[in-house]
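Step one of this worksheet: look at the structure below.
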Protein chains: 2
Amino acid sequence: MPTPCLACPLRARRVFAKLDQSEIRAIQRFKSGELRIGPGTPLLLEGSNSPQLYTALSGLGLRYKTLENGRRQVINFVFPGDFLGLQAGMMNEMQHSVEATTDMTLCVFNRSEFFRFFGANPARAFDITWLAAVEEHFLGEALASLGQRSGLSRLAWAITRIYLRQHALGQVDAKGGFPLPYRQQDLADALGLSLVHTNKTLAKLRERQLVSWQEGRMQVHDLTTLADLAGADLEAELVRPLL
Amino acid sequence: MPTPCLACPLRARRVFAKLDQSEIRAIQRFKSGELRIGPGTPLLLEGSNSPQLYTALSGLGLRYKTLENGRRQVINFVFPGDFLGLQAGMMNEMQHSVEATTDMTLCVFNRSEFFRFFGANPARAFDITWLAAVEEHFLGEALASLGQRSGLSRLAWAITRIYLRQHALGQVDAKGGFPLPYRQQDLADALGLSLVHTNKTLAKLRERQLVSWQEGRMQVHDLTTLADLAGADLEAELVRPLL
DNA sequence: CGCGCAATTGATTACTATCAAGAGGAGTGG
DNA sequence: CCACTCCTCTTGATAGTAATCAATTGCGCG
């Protein structure tokens, strides 16, 4: 009952780079199974050396890091198509944790075969590096947000970012609504704001009629103004490879 | 007069992963020349599509991003051994700029040969991905710092980080002194603090006799306390590959 | 119904930014 | 050699933004 890669619903989306059948079959051979986990389940742990790598197929999660002072930094949100565990694959140890926020389905790859796969499929090796570069790009953007933007802008930036990501996955409805099953605390930890301040800033966005957020669903009423507040241009999602 | 890779002074350091002679020769063939640039020279520009990739051989620089609001985020500092331009190599466009702070020498690689090199040398392809993962790790740490640490901790964290990096490169003298040719503004932009606040916070570290910084040279008088303030453990620099 | 968890709201504190101004060094031109 | 400018570092005063502390509401659950 695992999804055959050739029939992968994600791969059909335009955000993901096209591959031909033989390439997809090579990935299929690399894939060792599928994993389903529920909300709150830890998938990868900071400091651990996971024997598996994953590609998120459905559901949402988050990556975070816990500091010595007990505080938590959410590194980013995990969407379908994200490749998880590369750090452990390359550096033998995860530097952050990943956990599921909703039910998730993941493709599972064995790390023991990772090296062989990487060596035998140069184009896929290239894709993996590409993925790492894309990740690096996002982290750079996030860093710039935390470092240089006000609370309001950061929030607007994060919502815009997630909107675009969900849009690329076809999850945004005609009215600008999409699933956002995270807690305010998660957003706060991602943006370096306190929970209370996040809540109050969110209220401002609501008052300005830019967004509303209830029962795990975000409605963006005015994307242009929101993106403007964020101080980010509204570019389409980058095409990215999918393993 | 370019440095032959086999005699590369960097490669001798323990932080860099060991390669055998034939592997080094393959890199030598990939290397197309050497570049020397002076302080302030831009090397890679945000939005550009550089035909070259670089490895920093000597000198220091910085990577930064300019935001729509005119502010600048320093993504990180560039040290010898850093591989520059990977984003352009993978995504066809740099997402941040890189410029020299001091005189720098760089190994130059042609992007046109990058793909061939990547495909023909799986172990090196692996190293490049590894490098990207290391970079991702640092950005994650930086994100956590900006998001969750106070100004004082951030500063202590940054100095500790740079100390360790310089130490791995053999640049730290017996008294804990090492070159730090950046301006306070650079540090401020890296840490998301204002120049004035950075200056005052630096003064606190000085008062506490933890560090002193003059004429481009930083002296760390008490690394343990500094690292403690940073709320980071004092682990050795990760081994990383060198191209 | 009591509890635990997420979201709110109000009051207060404190960390950081912004505004201003001056000192000291490097480089330039008269 | 000196006046003048530019740049970086410093320091003082003041304004805000965001954190912390406290308390309340609403909901799902055993």
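Labels below follow one simple rule: chain letters A, B, ... track the order of the sequence lines, proteins then strands, and each chain is numbered from 1. Keep in mind that the numbers below use all heavy atoms, side chains included, and drop hydrogens, waters and symmetry copies.
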Validation: residues 56-66 of chain B side-chain donor-acceptor distances under 3.5 Å, sequence neighbours left out:
| residue | atom | partner | partner atom | Å |
| --- | --- | --- | --- | --- |
| B/S58 | OG | B/T105 | OG1 | 3.0 |
| B/R63 | NE | B/N76 | OD1 | 2.9 |
| B/Y64 | OH | B/E99 | OE1 | 3.3 |
| B/K65 | NZ | B/Q95 | O | 2.8 |

Rounded off to whole Å, could you give me the [atom1]-to-[atom2] distance for the [X] and [N] pair?
{"X": "A/L195", "N": "C/dA7", "atom1": "CG", "atom2": "C1'", "answer": "8 Å"}
{"X": "B/Q185", "N": "C/dA17", "atom1": "CD", "atom2": "P", "answer": "11 Å"}
{"X": "B/R71", "N": "C/dA17", "atom1": "CZ", "atom2": "C1'", "answer": "9 Å"}

Would you call the rings of A/F109 and A/F83 parallel, tilted or perpendicular, taking 30° and 60° as the class edges? tilted
Could you grab the distance from atom CD1 of B/I159 to atom CG of B/L164, nearest 0.5 Å is fine? 12.0 Å
Take the C1' atoms of the five end pairs on each side of the helix from C/dC1-D/dG30 to C/dG30-D/dC1, derive the two axes, and give their angle rounded to 10 degrees. 30°
Ignoring hydrogens, what is the shortest heavy-atom contact between [X] and [Y]? Give both atom names and the distance.
{"X": "B/D103", "Y": "B/G38", "value": "OD1-CA, 3.3 Å"}
{"X": "A/L242", "Y": "A/G81", "value": "CD1-CA, 3.7 Å"}
{"X": "B/L191", "Y": "B/L146", "value": "O-CD2, 3.5 Å"}
{"X": "A/L243", "Y": "A/R11", "value": "C-NH2, 3.9 Å"}

Show me the pairs that pass salt bridge (charged side-chain N to carboxylate O under 4.0 Å, His left out) and involve residues 205-232 of chain A, at least two apart or across chains. A/D173-A/R217
Which residue pairs pass the salt bridge (charged side-chain N to carboxylate O under 4.0 Å, His left out) test with at least one member in residues 186-197 of chain A, sequence neighbours excluded? A/R72-A/D186, A/R72-A/D189, A/R183-A/D186
Is it true that the side chains of B/N49 and B/E93 contain a donor and an acceptor less than 3.5 Å apart?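 No.
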Only counting residues at least two apart or in another chain, list the ones meeting ring-ring contact (aromatic ring centres under 6.0 Å, His included) with B/F79.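 B/F79: no ring-ring contact (aromatic ring centres under 6.0 Å, His included) contacts found.
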Please write out each protein N/O paired with an N/O of nucleotides 3-6 of chain C under 3.5 Å, distance rounded to 0.1 Å.
| residue | atom | partner | partner atom | Å |
| --- | --- | --- | --- | --- |
| C/dA6 | OP1 | A/R183 | NH1 | 3.1 |

Taking only residues two or more places apart in sequence or in another chain, which ones pass salt bridge (Lys or Arg N to Asp or Glu O under 4.0 Å) with B/R161?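 Expected list: B/E237.
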Verify, without hydrogens or angle tests, whether A/S97 (side chain) and A/E46 (backbone) share a donor-acceptor contact under 3.5 angstrom. yes
Within the side chain of A/Q166, is there an N or O that forms a donor-acceptor pair under 3.5 Å with the backbone of A/P179?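 Flag set: sc A/Q166 to bb A/P179 pair under 3.5 Å.
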Listed in order of residue number, which residues of residues 140-161 of chain A have a non-hydrogen atom at under 4.0 Å from DNA chain C? none
Using a heavy-atom distance cut-off of less than 4.0 Å, which residues of residues 202-214 of chain B contact DNA chain C?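 Those residues whose heavy atoms fall under 4.0 Å from DNA chain C, taken from residues 202-214 of chain B, amount to none.
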Once each nucleotide of nucleotides 19-28 of chain C is scored for protein heavy atoms under 4.0 Å, what B/S/- sequence comes out, 5' to 3'? B---------
Can you name the residues that form a side-chain contact (heavy atoms from CB on, under 4.5 Å) with B/L35, not counting sequence neighbours? B/I37, B/L43, B/Y54, B/L106, B/V108
Any side-chain heavy-atom pair from B/Q214 and B/S212 closer than 4.5 angstrom?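 Contact flag for B/Q214/B/S212 side chains = yes.
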Shoot me the first and last contacting nucleotide of DNA chain D against chain A, ordered 5' to 3', at under 4.0 angstrom to non-hydrogen atoms.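 Range of nucleotides touched by chain A: D/dA18 to D/dC21.
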Base, sugar-phosphate, or nothing: which does A/G216 touch, judged by heavy atoms less than 4.0 Å apart?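 No contact.
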